[in-house]
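First comes the structure, then the notes that go with it.
Quick note on labels: first sequence line is chain A, next is B, and so on, each numbered from 1. Reckoned from all heavy atoms, side chains included, excluding hydrogens, waters and symmetry mates.
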Amino acid sequence: MSLTNVKDGSKGRIIFHIDFDYFYAQCEELRDPSLKGKPVVVCVYSARGGDSGAVSTSNYKAREYGVKSGIPIKLAKNKLKDVPDAKFLPVDHNYYSEMSDKAMKIARKYADKFELVGVDEAFIEVTERLENDFGRAKELAMAVKQELKNELGLTCSIGIAPNKLVAKIASDFQKPDGLTLVKPEEIKTFLTNLNVGKIVGVGKKTEEILNEMGARTIGELSNIDIYQLTKNFGKKIGTYLYNAARGIDDEPVVESESVTQISRITTLKKSTNAVEEMLGDLESLCKDVHKSVIERGFSFKSVSIMLILDDLSIKTKSRSLKSPSTSSEELFKVAKVLLEEAVAESQLLVRRLGVKVSELVSSKGQDTLFKYIE
DNA sequence: GACTAGTGTCGAC
DNA sequence: TTACGGTCGACACTAGTC
């Protein structure tokens, strides 16, 4: 959305944001109904063994004990140490993907337009289906929820609004198994007392800056002029925030586009600053990335590495290639150079190591182009 | 000053 | 008391070029 072209897409659209409740943990409850009522914590265990790793998702019972996404597994276990029936399970992405496919197939049936967001969220536009009648939206959302519940046993929270921005905030308003409808004329009242962090794209850092500028709530954000916002956040994000504070958003609901980057990251068995000790991990990361790139029919023009240091700070380095490549050797060679440079610049030990390729080009398209040129 | 390429940071899930 | 994953998208900043 540009400064000179601020349109209010709020008029005339009806959009649902469907958000499956505590998705991974809910999937686990469905697979093993004996988990119902117990705290369930789905974990990403790292290569360090033991309880090294972080919590991916937890169900609401676990959240009552302060166990939420992102906290260390050890901390989660500590919080639940007096709860003998708490369950800690490793993530099972294949199973969640299967469940997601089934759920999204149902959601898609109701949509004029469908947009998948990650594995557990989707936007569906239903303007035509409802003939622009907001009055019928709740009934349709109930039908979606009912079918998901009957067919798969899954609960979700749905936000209904004239645009994606407000629909997303609305789905988060009442959880789990919630349904929140925000009509066009209710947007201002709905948003005004909500925390600025509820706006998509406003994370911890942005929220801190906004707080310093005097905006804790979305209503307060709407009092800040666009000049201040663009000065602090740049033109694009500043304009986005200015509009978001007013509930204005004209982003269309679109089928998800193809990937633009592919990456793999791992936690080293032991923190180190010796490049030789990381070469084994670097090589297998490169192989994994390369395999995925080739399987998806891409070549890559940019290679990056990411280091997460012992204080959990992040260091990245990237390099563009002269021309798109599909070479596994070239990927490893460039990644190794970047790693050597990054390690030389860092004072701390490296805890985690990642490899990323971007500026992806469809190799199939390239072939065609080459053939054409020939 | 406009544009671009390269690089690094933030945020969502 | 501490504890700490993996993958992706978007965009800001900077330097170089014209």
| query | A/R351 near the nucleic acid: base, sugar-phosphate alone, or nothing, with a heavy-atom cut-off under 4.0 Å? | reply | sugar-phosphate
| request: Using a 4.0 Å heavy-atom cut-off across all strands, classify A/G53 as base, sugar-phosphate, or nothing. | output: sugar-phosphate
| If you measure from the C1' atom in C/dG5 to the same atom in B/dG11, how many Å do you get, rounded? | 15 Å
| query | Using a cut-off of 4.0 Å on non-hydrogen atoms, how would the nucleic acid contact of A/S302 be classed: base, sugar-phosphate, or nothing? | reply | nothing
| said: Please classify the nucleic acid contact of A/T266 as base, sugar-phosphate, or nothing, using heavy-atom distances under 4.0 Å. | reply: sugar-phosphate
| Any N or O donor-acceptor pair linking the side chain of A/D51 to the base of C/dA3 at under 3.5 Å? | no
| query | In whole Å, what is the span from the CD1 atom of A/I209 to the C1' atom of B/dC10? | reply | 10 Å
| note | Out of B/dC13, C/dA3, B/dG8, minimum distance to the side chain of A/K168 belongs to B/dC13
| field | Interatomic distance, A/Q26 CD vs B/dC13 C1' [rounded to whole Å] | value | 16 Å
| Under 4.0 Å between a Lys/Arg side-chain N and an Asp/Glu carboxylate O for A/K175 and A/D19? | yes
| request: Kindly say if A/R264 contacts the phosphate of C/dG6, meaning a side-chain N or O under 4.0 Å from OP1 or OP2. | output: no
| query | For B/dG6, does either OP1 or OP2 sit under 4.0 Å from a side-chain N or O belonging to A/S318? | reply | no
| message | So A/S320, base contact, sugar-phosphate only, or nothing? Heavy-atom distance under 4.0 Å. | response | sugar-phosphate
| remark: Taking for A/E121 and for A/K301 the nucleotide of DNA chain B with the nearest heavy atom, the one nearer the 5' end belongs to A/K301
| task | Looking only at non-hydrogen atoms, find the nearest pair between A/M278 and A/L353 and report the distance. | result | O-CD2, 4.0 Å
| query | For the pair made of CZ in A/F20 and P in B/dA12, what is the distance, rounded to whole Å? | reply | 21 Å
| field | Aromatic ring pairing A/Y22/A/Y60, orientation class (parallel under 30°, perpendicular over 60°, tilted between) | value | perpendicular
| query | At under 4.0 Å, does any side-chain N or O of A/K205 touch on OP1 or OP2 of B/dC10? | reply | yes
| request: Mark yes or no: A/K183 above the aromatic ring of A/F134, with NZ or CZ under 6.0 Å from the six-membered ring centre and no more than 45 degrees from the axis. | output: no
| message | Side chains of A/D172 and A/S157 only: does a donor on one sit below 3.5 Å from an acceptor on the other? | response | no
| Can you find a side chain N or O atom of A/R319 that sits less than 4.0 Å from OP1 or OP2 on B/dT7? | yes
| said: Output the rounded distance in Å from CD1 (A/I265) to P (B/dC13). | reply: 19 Å
| said: I want to check one thing: is the phosphate of C/dG5, taken as OP1 and OP2, less than 4.0 Å away from some side-chain N or O of A/S52? | reply: yes
| task | Find the distance A/R48:CZ to C/dT2:P and express it as a whole number of Å. | result | 19 Å
| message | Using a heavy-atom cut-off of 4.0 Å across all strands, would you classify A/V259 as base, sugar-phosphate, or nothing? | response | sugar-phosphate
| message | I'd like to check A/K188 versus A/S222 (side-chain heavy atoms, cut-off strictly below 4.5 Å). Are they in contact? | response | no
| query | Looking for any heavy atom pair under 4.0 Å, which part of the strands does A/K77 touch: base, sugar-phosphate only, or nothing? | reply | nothing
| said: Given C/dG9, C/dC11, C/dG5, identify the nucleotide with an atom nearest to the side chain of A/K236. | reply: C/dC11
| note | 5'-most contact on DNA chain C (nearest-nucleotide basis), A/G238 vs A/V44, goes to A/V44
| said: Please verify the inter-ring angle class for A/F20 with A/F23; under 30° counts as parallel, over 60° as perpendicular, anything in between as tilted. | reply: tilted
| message | It should be established whether A/T260 places a side-chain nitrogen or oxygen under 4.0 Å from OP1 or OP2 of nucleotide C/dG9. | response | yes
| said: Do A/S52 and A/S46 pair up side chain to side chain, a donor and an acceptor below 3.5 Å, judged on atom types alone? | reply: yes
| Distance test, side-chain N/O of A/S263 to OP1/OP2 of C/dT7, below 4.0 Å | no
| request: Please work out if A/I308 contacts a base, only the sugar-phosphate, or nothing of the nucleic acid, heavy-atom cut-off 4.0 Å. | output: nothing
| task | Could you tell me whether the phosphate oxygens of C/dG5, OP1 or OP2, come under 4.0 Å of any side-chain nitrogen or oxygen in A/T267? | result | yes
| task | Looking at every strand, decide which applies to A/V119 at a 4.0 Å heavy-atom threshold: base, sugar-phosphate, or nothing. | result | nothing
| query | In terms of side-chain heavy atoms of A/R352, which of B/dC13, C/dG5, B/dG11 is nearest? | reply | C/dG5
| Separation of atom CD1 in A/I237 from atom C1' in B/dG11, rounded to whole Å | 10 Å
| said: OP1 or OP2 of C/dC4 versus the side-chain N and O atoms of A/K74: is any pair under 4.0 Å? | reply: yes
| query | With a non-hydrogen cut-off below 4.0 angstrom, is A/D120 in contact with a base, only sugar-phosphate, or nothing? | reply | sugar-phosphate
| query | NA contact type, A/G70, heavy-atom cut-off 4.0 Å: base, sugar-phosphate, or nothing? | reply | base
| query | Does a side-chain N or O from A/S46 land closer than 4.0 Å to OP1 or OP2 of C/dG5, or not? | reply | yes
| task | Using a heavy-atom cut-off of under 4.0 Å over every strand shown, decide if A/I73 touches base, sugar-phosphate, or nothing. | result | nothing
| task | For A/F23, report the nucleic acid contact type (base, sugar-phosphate, nothing); a contact means any heavy atom under 4.0 Å. | result | nothing
| Expressed in angstrom and rounded to an integer, what is the separation of A/F88 atom CZ from C/dA3 atom P? | 17 Å
| d(CG, A/N78; C1', C/dC4) in whole Å | 14 Å
| said: With a cut-off of less than 4.0 Å, is there a side-chain N or O of A/K356 near OP1 or OP2 of C/dC8? | reply: no
